Amino acid sequence: MSEKKIATIAVRAGLNSDQQHGGVIPAIHLSSTYALKGFNEKRQFDYSRTGNPTRATFAQAIADLEQGAVGIVTSTGMSAVHLICQLLSVEDTVVIPHDCYGGSFRLFTHLAKRGQFNLVVVDQNDQTALAQALSTKPKLVLIETPSNPLLRLVDIATITAQAHQAGALVAVDNTFLSPVLQQPLLLGADIVFHSTTKYINGHSDVVGGVVVTKEQALGEELAWWANCIGITGSAFDSYLALRGLKTLPIRMKQHQINANAVAQFLVQHDAVAQVYFPGLADHPQHELAKQQQNDFGVMMSFEIKGGVAAVKTLFARLQLFTLAQSLGGVESLISHPSTMTHAGMAVEAQLVAGISASLVRLSVGIEDIADILADLSQALDASQQ
Ligand SMILES: *Cc1c(COP(=O)(O)O)cnc(C)c1O
């Protein structure tokens with residue numbers, strides 16, 4: 001049969017696999033352990049840390065969506081990153097982007113400080129700095145695009161080709177776009193990973209992660225480590241995430257329509273000084289976004305006029321945007337990077353990174369767009385009074 005389209009894979013993952021009752025939806029398998037058939041006669045599953053039918057179904061679904069060989073479901077997005085770190089020995093070097101997810105930055109810097117590997121932090125859009133980093137012959141290059149919270153992009157195919165020439169493996173954090181909007185393995189990457197907490201589950205009721213490898217052998221090595229260090233995802237979370245996954249393609253469609261409309265609205269609003277969104281023609285990597293992504297994505301940030309006072313009023317007046325970190329759920333969220341997601345950074349470092357106190361980040365949900373715009377409009381107007 002021909003390659004299935006993304007929406008078909010997402011909806012049909014694991015269907016009709018219940019041999020016993022013919023249940024259309026795969027059952028949830030909560031058992032921690034599995035009986036052997038007899039002395040030294042194993043079944044497919046023996047112990048749920050190592051393997052679980054519900055988790056396996058979810059893992060296969062994501063592997064299919066990313067067009068990879070092996071999917072490994074982890075307990076959180078951070079444990080997906082930690083799993084990838086298992087590929088690094090003390091003499092190895094890893095290159096990470098200067099503006100990667102704060103939790104990933106913290107993990108890499110602290111493990112490097114303890115001597116578990118060498119770390120090079122680089123702006124991957126700085127060709128000279130990247131070439132210098134690759135000249136250290138790293139074992140692994142981490143890519144994250146678009147970045148948080150300023151939505152900067154890097155060119156996955158180009159950096160991957162350069163990294164491969166230097167002998168490195170490439171792992172891409174695809175959390176912000178999901179496999180619906182970007183497929184890094186098809187751009188040459190060896191590993192793609194997600195915090196499934198975000199778009200893949202999509203309902204803000206699971207914390208989870210997944211790692212997908214292009215090659216079977218690398219996937220088996222990582223699956224071995226996932227069991228060894230005990231970071232595989234739970235059956236219940238896998239069940240929920242598989243349920244969320246069914247509507248991922250249709251959710252992303254509506255998220256995208258709403259996000260485009262919000263960006264256009266913000267650009268013309270007097271209270272807004274600057275909008276960071278790859279879908280805007282003046283975004284520095286608008287052309288790259290068109291080429292590398294299937295659409296522009298849903299996340300955006302903007303600078304409000306009037307400083308912290310305006311930010312406070314905006315948050316107080318908004319009714320449809322909940323003030324909370326995280327992203328990717330069906331509900332709209334708003335956050336303040338400098339006091340929330342990036343509070344761990346010194347203020348000077350925040351300013352170097354382009355994160356001012358006037359910057360707010362939106363995760364645009366799938367509520368009715370007329371209601372979203374009306375809410376933003378009244379709150380932005382109030383913020384300037
Ligand atoms: C949330 C997030 C993570 C970490 O995932 P958790 O599920 O919170 O552990 C990693 N990368 C990105 C880009 C994220 O947004």
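Numbering starts at 1 and runs along the sequence shown. Note that the structure is a prediction, hence the values are computed from the model and not measured. In each ligand, atom 1 is the first atom listed, and ligand 1 is the first ligand listed.
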*Asks:* Does the N or O separation between Glu144 and ligand 1 drop below 3.5 Å for any pair?
*Replies:* no

*Asks:* Geometry only, no angles: is Ser104 polar-contacting ligand 1 at N/O separations under 3.5 Å?
*Replies:* no

*Asks:* Any chain of hydrophobic side-chain contacts (each under 4.5 Å) joining Leu222 to Ile143?
*Replies:* no

*Asks:* For Tyr101, is the NZ or CZ atom of Lys198 found under 6.0 angstrom from the centre of its six-membered ring and inside 45 degrees of the ring axis?
*Replies:* yes

*Asks:* Centroid separation under 6.0 Å, is that true for the rings of His269 and Phe302?
*Replies:* no

*Asks:* Among protein heavy atoms, which lies nearest atom 6 (P) of ligand 1, and at what distance?
*Replies:* Gly77 N, 3.4 Å

*Asks:* For atom 1 (C) of ligand 1, what is the closest protein heavy atom, and at what distance to 0.1 Å?
*Replies:* Lys198 NZ, 1.5 Å

*Asks:* Considering heavy atoms of the protein only, find what lies nearest to atom 12 (C) of ligand 1 and give residue, atom and distance to 0.1 Å.
*Replies:* Asp173 OD2, 3.4 Å

*Asks:* Just which atoms of ligand 1 are under 4.0 Å from any heavy atom in Gly208?
*Replies:* 7 (O)

*Asks:* Between His286 and Phe296, does the ring centroid distance fall short of 6.0 Å?
*Replies:* yes

*Asks:* Among all protein non-hydrogen atoms, which one is nearest to atom 3 (C) of ligand 1, and what is the separation to 0.1 Å?
*Replies:* Tyr101 CE2, 3.4 Å

*Asks:* Assess the side chains of Arg12 and Thr8: does a donor N or O sit below 3.5 Å from an acceptor N or O?
*Replies:* no

*Asks:* Is it the case that one hydrophobic cluster holds both Ile229 and Trp224, taking links as side-chain heavy atoms less than 4.5 Å apart, direct or via other members?
*Replies:* yes

*Asks:* At what distance is the nearest protein heavy atom to atom 9 (O) of ligand 1, and which residue and atom is it?
*Replies:* Met78 N, 2.9 Å

*Asks:* Would His194 count as a contact residue for ligand 1, given that I'm defining contact as a non-hydrogen atom of the residue lying under 4.0 Å from a ligand atom?
*Replies:* no

*Asks:* Quick check: is Val298 connected to Tyr276 through a chain of hydrophobic side chains (ILVMFWY, heavy atoms under 4.5 Å apart)?
*Replies:* no

*Asks:* Under 4.0 Å from a heavy atom of Thr76: which atoms of ligand 1 are those, numbered in the order shown and with their elements?
*Replies:* 9 (O)

